[in-house]
Amino acid sequence: QVQLVESGGGLVQAGGSLRLSCAASGRTSDNFAMGWFRQAPGKEREFVASIIWSAGIPSYGDSVKGRFTMSGDFAKNTVYLQMNSLKPEDTAVYYCSSRRSGGPWSSWGQGTQVTVSS
């Protein structure tokens with residue numbers, strides 16, 4: 001089982017930036033994928049970004065394309081989410097997740113709160 005710990009959330013003004021980190025421990029492999037999701041109060045969980053552990057080409061949800069960048073330092077088992085041009089609608093709890101290739105998103109971190117003020 002993979003353990004995930006997110007960090008880097010906080011309060012920021014609209015137009016500002018934050019960088020989130022997710023450190024993974026436990027059993028990982030090159031066939032794993034890492035992802036970022038977010039959930040606002042009363043809303044469904046939303047896909048933000050993901051990356052295949054061994055590849056390095058990220059995918060993004062439509063709402064964050066051009067503003068967010070996902071990257072990884074796989075030697076450190078850590079992935080990042082650079083968030084620029086933040087909007088109030090980006091306010092949510094951001095979760096890190098992992099899955100085996102072809103499998104479900106099965107491991108989840110505790111989440112980190114991102115709040116964007118007007």
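The first residue of the sequence shown is numbered 1, and numbering continues consecutively from there.
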List the atom of [X], the atom of [Y], and the distance in Å for their closest heavy-atom pair.
| X | Y | answer |
| --- | --- | --- |
| Trp105 | Gly35 | CZ3-N, 3.4 Å |
| Gln113 | Ala92 | NE2-O, 3.4 Å |
| Gly8 | Leu18 | O-CD2, 3.9 Å |
| Thr112 | Gly9 | OG1-N, 3.1 Å |
| Val79 | Cys96 | CG2-SG, 4.2 Å |
| Glu46 | Ser63 | OE2-OG, 2.9 Å |

ask   = Under a single-linkage definition using a 4.5 Å side-chain heavy-atom cutoff for Ile, Leu, Val, Met, Phe, Trp and Tyr, are Trp108 and Leu20 assigned to the same hydrophobic cluster?
value =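 Per the 4.5 Å side-chain linkage, Trp108 and Leu20 are not co-clustered.
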request  = Mind jotting down which residue pairs meet the ring pair (Phe, Tyr, Trp, His ring centres under 6.0 Å) criterion with at least one end in residues 61-97? Sequence neighbours excluded, please.
outcome  =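 As it turns out, the ring pair (Phe, Tyr, Trp, His ring centres under 6.0 Å) pairs with a partner in residues 61-97, which skip direct neighbours, are Trp53-Phe74.
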I'd like to know if the side chain of [X] and the backbone of [Y] have a donor-acceptor N/O pair within less than 3.5 Å.
| X | Y | answer |
| --- | --- | --- |
| Thr78 | Lys76 | yes |
| Thr91 | Val116 | yes |
| Gln110 | Glu6 | no |

ask   = Which distance, rounded to the nearest 0.5 Å, do you find between the CG of Leu4 and the OG of Ser107?
value =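 Here the rounded value is 6.0 Å.
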inquiry  = For the OG atom of Ser50 and the CD1 atom of Ile57, what is their distance to the nearest 0.5 Å?
reply    =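 Taking OG in Ser50 and CD1 in Ile57, the distance rounds to 11.5 Å.
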query = If we ignore angles and hydrogens, is there a donor and acceptor under 3.5 Å between the side chains of Gln82 and Ser71?
reply =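 Not at all, the side chains of Gln82 and Ser71 share no donor-acceptor pair under 3.5 Å.
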inquiry  = We want to know whether Ser17 and Asn84 form a side-chain donor-acceptor pair, criterion being a heavy-atom distance below 3.5 angstrom.
reply    =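 There is such a pair (donor and acceptor under 3.5 Å, judged by atom type) between the side chains of Ser17 and Asn84.
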ask   = Is Ser117 close to Gln13 at the side-chain level, that is, under 4.5 Å between some pair of heavy atoms?
value =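 Touching, per the 4.5 Å side-chain cut-off.
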task = Would you check if Trp36 and Ser97 make a side-chain contact, meaning some heavy-atom pair closer than 4.5 Å?
result =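 No, every pair of side-chain atoms sits at 4.5 Å or beyond.
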request  = Test side chain to side chain contact (heavy atoms under 4.5 Å, CB included) on Val2 and Phe32 and set out the steps.
outcome  = CA-CA 10 Å; Val2 177; Phe32 273 54; 3.6 Å; yes
query = Could Asp62 and Lys65 be called an ion pair, given the rule that one side-chain N must be under 4.0 Å from one carboxylate O?
reply =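 Answer for the salt bridge query: yes.
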query = Do Ile51 and Ser59 pass the side chain to side chain contact (heavy atoms under 4.5 Å, CB included) test, and can you show the C-alpha distance, the side-chain angles, and the key distance before you say yes or no?
reply = CA-CA 6 Å; Ile51 191 168; Ser59 298; over 6 Å; no
key: Greater than 12 external heavy atoms within 6.0 Å of Arg67's CZ   =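 Buried by this count: over 12 neighbours within 6.0 Å.
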task = Pick out which of Asp90, Val93, Val114 makes a side chain to side chain contact (heavy atoms under 4.5 Å, CB included) with Arg38.
result =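 Testing Arg38 for a side chain to side chain contact (heavy atoms under 4.5 Å, CB included) against Asp90, Val93, Val114 leaves exactly one candidate, Asp90.
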task = Quick one: list whatever passes ring-ring contact (aromatic ring centres under 6.0 Å, His included) with Phe47, sequence neighbours left out.
result =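 Phe37.
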